[in-house]
Amino acid sequence: MARPLKTRTRRRTQSTPCRPRIPHNLKYRPHRITSPTNKLMRLLLILTSLLLAPNLWAQVSVGVKPNRKQYVSYEPIHLAVTIANQTGGPLTLKNANGNSWIEFVVQNQSNRVIHKVNKPSYAGTTIPTAERVKSNFTLNNIYDLAQPGNYSAYAVVRTPNQSSSEGTRSATVYFTVNRGVPSWKTKVGVPGIAGDEREYRIINYSGDGAPKIYIQVQDVKRGHILATYSMGNVLSFRKALKAVDRENNLHVLFLTTPELYCHTVVNTSGKTIKRRYHKGVGNTHPALLTHQDGAVTVFNSVPYDPAKEIEERKKFHRLSEVPGGFQQ
């Protein structure tokens with residue numbers, strides 16, 4: 001018996017349309033609509049955004065810069081503050097509603113805010129249109145920064161109509177306070193004040209620049225540091241000389257350049273009352289001499305006068321001015 005023939009039915013598959021091949025070196029570039037209407041709309045959007053952002057046109061900028069990056073403990077820390085007026089009119093800065101027109105925020109290396117020890121009152125000022133002013137402020141007058149460590153600070157400037165939580169802030173600046181180690185010290189009495197005593201200290205410190213010699217004066221009875229400041233650059237290969245005169249003033253003689261010695265006199269209040277320069281005579285070096293009456297002077301030296309030095313140099317002919325006829 002013959003088997004019935006099986007017929008196969010082919011399934012119709014849905015064919016996909018054939019995509020045209022695009023050469024690989026051709027890139028698709030969308031069509032850009034640059035009609036005059038679109039250009040006008042974009043221009044209107046830009047102008048609207050500028051009008052809605054008045055701070056772009058009216059603002060105050062504040063800049064802060066320390067005079068150095070490294071300091072000795074109790075040394076004055078000066079900040080130069082620059083304020084630019086870009087408000088489009090005169091800018092008046094003054095204390096108002098119990099708020100100072102300028103305030104500083106100082107933090108230590110642990111990001112803890114240093115609290116104020118004094119609340120100074122700064123005189124106001126008016127900055128003309130499109131101009132800037134620069135003023136110097138001493139942070140030690142506001143904060144106790146005697147503790148060695150790293151610090152950061154910034155300034156906030158306020159207009160009279162701004163509250164204590166408002167204002168224009170400067171960028172943050174950083175500085176370091178180092179503990180100065182005395183290389184020499186001595187105690188003296190205070191003339192005319194019985195029982196008072198001062199301690200003179202000499203500190204050698206390099207920091208972030210040339211080596212300097214510092215003077216520090218302490219009120220021994222009260223434990224206060226009266227002064228700490230640099231007396232000038234010092235060349236350490238020649239030891240500084242110290243002497244106390246009959247009025248208990250401290251005399252310091254140190255080499256500040258290869259040829260010049262600086263003679264500085266500091267009183268018991270920590271103020272420099274005399275500063276002179278000397279040059280050695282021949283092969284000798286200047287030194288301090290204490291007389292029988294207690295006076296202290298510099299010997300083995302000649303006083304250095306910069307104006308006189310220039311006049312002396314003018315007497316010598318330059319090489320190009322030497323009379324002709326010389327052959328070598």
Checking Asn233 against Thr256 for the side chain to side chain donor-acceptor pair (under 3.5 Å) test, could you report, in this order, the C-alpha distance in whole Å, the side-chain angles of both residues, the deciding distance, and whether it holds? CA-CA 5 Å; Asn233 295 342; Thr256 187; 5.7 Å; no
Looking just at side-chain N and O atoms, do [X] and [Y] make a donor-acceptor pair shorter than 3.5 Å?
X      : Y      : value
Thr159 : Asn161 : yes
Ser121 : Asn95  : yes
Thr228 : Gln216 : yes

More than 12 foreign heavy atoms under 6.0 Å from [atom1] of [X]: is that the case here?
X      : atom1 : result
His115 : NE2   : no
Asn97  : CG    : no
Tyr74  : OH    : no
Arg132 : CZ    : no
Lys116 : NZ    : yes

Supply the atom-to-atom distance Leu289 CG to Leu253 CG, rounded to the nearest 0.5 angstrom.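 Interatomic distance, Leu289 CG to Leu253 CG, rounded to 0.5 Å: 12.0 Å.
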Looking at residues at least two apart in the chain, or sitting in another chain, which of them share a salt bridge (Lys or Arg N to Asp or Glu O under 4.0 Å) with Glu247? none
Under the salt bridge (charged side-chain N to carboxylate O under 4.0 Å, His left out) criterion, do Glu75 and Arg68 qualify, and how do the steps go? CA-CA 11 Å; Glu75 180 184 6; Arg68 293 208 312 277; 2.5 Å; yes
Could you go step by step and tell me if Ile215 and Thr264 meet the side chain to side chain contact (heavy atoms under 4.5 Å, CB included) rule? CA-CA 10 Å; Ile215 177 64; Thr264 300; over 6 Å; no
Closest approach of [X] and [Y], non-hydrogen atoms and distance?
X      : Y      : result
Leu79  : Leu139 : CD1-CD1, 3.6 Å
Leu93  : Arg158 : CD2-O, 3.5 Å
Val60  : Thr87  : CG2-CG2, 3.8 Å
Ala155 : Val64  : CB-CG2, 3.6 Å

Whether Phe175 and Tyr151 hold their rings parallel, tilted or perpendicular, with breakpoints at 30° and 60°: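 Because their plane-to-plane angle is under 30°, the rings of Phe175 and Tyr151 count as parallel.
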Qualifying residue for side-chain contact (heavy atoms from CB on, under 4.5 Å) with Asn140, from Ile77, Val117, Asn118: Ile77
Counting N and O atoms only, with roles assigned by atom type, does the side chain of [X] sit under 3.5 Å from a partner on the main chain of [Y], one being a donor and the other an acceptor?
X      : Y      : answer
Asn267 : Gly270 : yes
Asn178 : Gly180 : no
Asn85  : Pro128 : yes

Same hydrophobic cluster for Val252 and Tyr277, using side-chain heavy-atom links shorter than 4.5 Å among ILVMFWY? no
Determine whether the aromatic ring centres of Phe137 and Tyr122 lie less than 6.0 Å apart.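 Phe137 vs Tyr122: aromatic centres under 6.0 Å.
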